Structure formats: structure tokens, C-alpha cells
Trainee: 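The structure that follows is given in the form of C-alpha cells.
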Amino acid sequence: MQTRLDKFLTEAGVGTRSEVKSIIKKKSVTVNGICAEKPEMKVNPDTDEVAVGGKVVTLRSNVTYLLHKPAGYVCAVKDNCFPTVMELVPQGRDLFPVGRLDKDTEGLILITNDGAMAHRMLSPRSHVDKTYLAVLDRPAEDGWITLFSEGVEIGDDAPTLPAKLVICDAANPELEYLPEEYKGGLFPGQAVLLTIQEGRYHQVKRMFHAVGREVIYLKRLSFGSIVLPLSLKKGEAILCDPEKTIDMPGNRVNSLTARAAHGDVKRKSAQNRRGGGSCQKTERI
Ligand code: URA
């Protein structure tokens, strides 16, 4: 079946539609050895040989994008009221989002056409870890670390599975993911990291609601071994291989914390940041 050259190259993961158009303009694309001049040129992926910079391009059967979802987008293939995450990745190829984030939640969402991978990541039996950075209306309490590790009653048939709560201080590198408006303006304990193994409806918000807090900002930082690159801007997507651990430059979550625990990376000293003064509970992080 014939398709437009720019559509074919976009679906093959060469770049976005506009990037692909500019590559064609620069005369870097050949079709059957002849320089392609026009993005609208028709090619047959089964019989034509398309190359970029001399390298033959083939359509991968499975494709997965890692999207940094901005707030305001819904995780659905179609929606009558709101923009969908599908508008932020190349079109076509029967793509769908792997699970959901709420409209007001930001962060890592996978968009794929690989049904088997999506099933593995989402199956309740897989217990795939998902780590969220949340800002609470008031500071968290230390006792919740144990409470959450034992599962929380949130009004469903069963309590949640054990979850890992980290109450952040100024030294947590994950705070770099916070929007500028929160940086330096939060009370200690107002920013938390929560790792859950399930994906129940509004789960993170309901877990904090159960202990008397409201989540005022929520961002997913990781999904299984896949981490949101710190350098990926809101609304940007990159191709990714969910079978591999992603360890890209800018990847800070878990790896930085783990490396800090091993002494490879210095945790920022809260005292240093404040010029050596004493740490007051009311000082902002
Ligand atoms: N938990 C929530 O409450 N919202 C999300 O978007 C994801 C997890």
C-alpha cells in the first residue's frame, strides 16, 4: 500500500512530521537510490527502499513513545471535550496510551501499539512499580511510611498493596522535577515520593486523602524501569524500548537516590544550602 514519504518516515521513528520535512528538504532522503524532493511523494514500504543519510529505514512493527504529559491532556485515544495525549505523538500506527494519568497529572506516560507490552505493564499480577512526586497541602507525617508500607484503606474492597513513601527534604534530587513555582517554597515534608504497585483510579490522591491530606501537584517519574528523563520537556516525546532499562542523560530518579545512598553522588546538604545555619522546621525546601 502506498503512503506519503513524510508519513512513512514519521511512523518509522525518524522524527516528527516537521523534522522529517526538513530532512527531505536538505536532500538527505533517497527512494530507490534517487534523492527525494517532496514530502508528499508516494512510497510503498513493502517494495521501495527508503534511506536517510544512506541508512535504509524500515517500519518497526512495534513502536513505543515515552511522553512527558503536560497537565490538561487526557489519556485517551479520543475525547470530545479535552485534548488527548495522542496529539503529542506522531499519528497513525494504531497507538494507544498504556494506562492513564488524570487530566491534571503530569509526567511519564507510554504510548504504544504493542498490546503485549501494555498488558505486561498494566496487569495487576505484574505489580509494576510506579513512582510519583506529589506536593501535599500540608506536610506528611513520618508515621505514614510504615502505614503506607502495610497498605492503606481507601474505600475499595481491599486495602492498597504495600507502597513506599519517601518524605523529601531539601537534599532529595527528585525535587528537580518540581515546577519552578514550588522550588524553594515548600515546607519540609510537603513534597513526597510514593511508589505504588497498582493503578487504581485516583490511587495516589485517595491514599493521601485517607490520611487527611490533599494532593495539590502530581507527577509520575517512573513506570517499571523506565524513568522520565529530566531533560524531556513537557509535551515532548521520545521513542523508547520498554524492554530495556532507560538510563539516559538527565535520568535522575532512583538512580541518583540510589547512588547517593552508595556515596557516589553527594546529597545536597540542607545545611550547606542555607549557609551553615541551623535547620528550622519552618524553613522552606
Ligand atoms: N494516582 C492519581 O491519583 N492520579 C494519577 O493520575 C495517577 C495516580
Side-chain angles (χ1 to χ4, degrees), residues 65-79 81-89 96-112 118-140 144-145 147-168 174 177-179 182 190-228 232 234-237 242 253-254:
Y65 293 96
L66 185 171
L67 170 70
H68 185 166
K69 176 192 175 299
Y73 286 76
V74 292
C75 293
V77 173
K78 260 191 192 160
D79 193 272
C81 302
F82 302 107
T84 76
V85 289
M86 306 309 295
E87 294 167 32
L88 301 171
V89 292
F96 60 90
V98 180
R100 280 169 200 270
L101 293 176
D102 297 337
K103 184 163 139 279
D104 59 351
T105 302
E106 298 176 351
L108 186 161
I109 181 95
L110 298 180
I111 297 180
T112 191
H119 178 73
R120 276 198 305 281
M121 297 295 274
L122 295 175
S123 164
R125 262 177 279 174
S126 303
H127 293 191
V128 173
D129 279 347
K130 293 155 272 273
T131 298
Y132 294 85
L133 171 64
V135 175
L136 307 176
D137 58 347
R138 285 177 295 128
W144 300 347
I145 295 172
L147 188 80
F148 280 28
S149 74
E150 289 165 354
V152 182
E153 195 58 69
I154 58 172
D156 292 341
D157 293 343
T160 66
L161 288 176
K164 184 171 178 247
L165 177 66
V166 173
I167 302 177
C168 297
E174 290 83 358
Y177 283 94
L178 283 175
Y182 288 120
Q190 244 191 304
V192 292
L193 292 165
L194 183 65
T195 303
I196 58 175
Q197 308 173 40
E198 305 154 283
R200 300 193 201 176
Y201 181 66
H202 290 339
Q203 181 165 342
V204 173
K205 293 172 186 163
R206 287 161 70 208
M207 287 175 78
F208 285 106
H209 186 76
V211 290
R213 296 292 183 274
E214 297 307 321
V215 171
I216 56 175
Y217 170 81
L218 189 59
K219 180 171 209 123
R220 182 155 69 185
L221 303 188
S222 67
F223 188 10
S225 58
I226 304 171
V227 176
L228 181 71
L232 192 69
K234 277 184 227 177
E236 284 183 352
V253 189
N254 300 336

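We're numbering straight along the sequence, starting at 1. Atoms within a ligand are numbered from 1 in the order they appear, just like the ligands themselves. Model, not experiment: these values are computed from the prediction.
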Trainee: For residues 208-216, dump all side-chain donor-acceptor pairs below 3.5 Å to protein atoms at least two apart in sequence or in another chain.
Mentor:
{"unit_1": "His209", "atom_1": "ND1", "unit_2": "Glu214", "atom_2": "OE2", "d": "2.6"}
{"unit_1": "Arg213", "atom_1": "NE", "unit_2": "Arg138", "atom_2": "O", "d": "3.2"}
{"unit_1": "Arg213", "atom_1": "NE", "unit_2": "Pro139", "atom_2": "O", "d": "2.9"}
{"unit_1": "Arg213", "atom_1": "NH2", "unit_2": "Pro139", "atom_2": "O", "d": "3.0"}
{"unit_1": "Arg213", "atom_1": "NH2", "unit_2": "Glu141", "atom_2": "OE2", "d": "3.4"}

Trainee: May I ask you to test the Leu108-Val227 pair for a side-chain heavy-atom distance under 4.5 Å?
Mentor: no
Trainee: How would you list, by chain and number, every residue that makes a side chain to side chain contact (heavy atoms under 4.5 Å, CB included) with Leu178, sequence neighbours excluded?
Mentor: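 Only Leu133, Val135, Leu175, Tyr182, Lys183, Leu186, Tyr217 meet the side chain to side chain contact (heavy atoms under 4.5 Å, CB included) criterion with Leu178.
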Trainee: Using heavy atoms and a cut-off under 4.0 Å, could you grab the residues that are in contact with ligand 1, chain by chain, numbers ascending?
Mentor: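 Lining ligand 1 at under 4.0 Å, by heavy atoms, one finds Leu101, Asp102, Thr105, Tyr132, His202, Gln203, Val204, Lys205, Leu218.
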Trainee: With no hydrogens and no angle check, is any side-chain donor or acceptor of Thr105 less than 3.5 Å from a backbone partner on Leu218?
Mentor: no
Trainee: Tell me, which pairs form a salt bridge (Lys or Arg N to Asp or Glu O under 4.0 Å) where one or both residues lie in residues 195-212, sequence neighbours left out?
Mentor: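 Of all non-adjacent pairs touching residues 195-212, those that pass salt bridge (Lys or Arg N to Asp or Glu O under 4.0 Å) are Asp102-Lys205, Asp104-Lys205, Asp156-Arg200, Asp156-Arg206, Glu198-Arg200.
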Trainee: Would you give the length of the straight line joining atom OG1 of Thr131 to atom CZ of Phe223, rounded to the nearest 0.5 angstrom?
Mentor: 11.5 Å
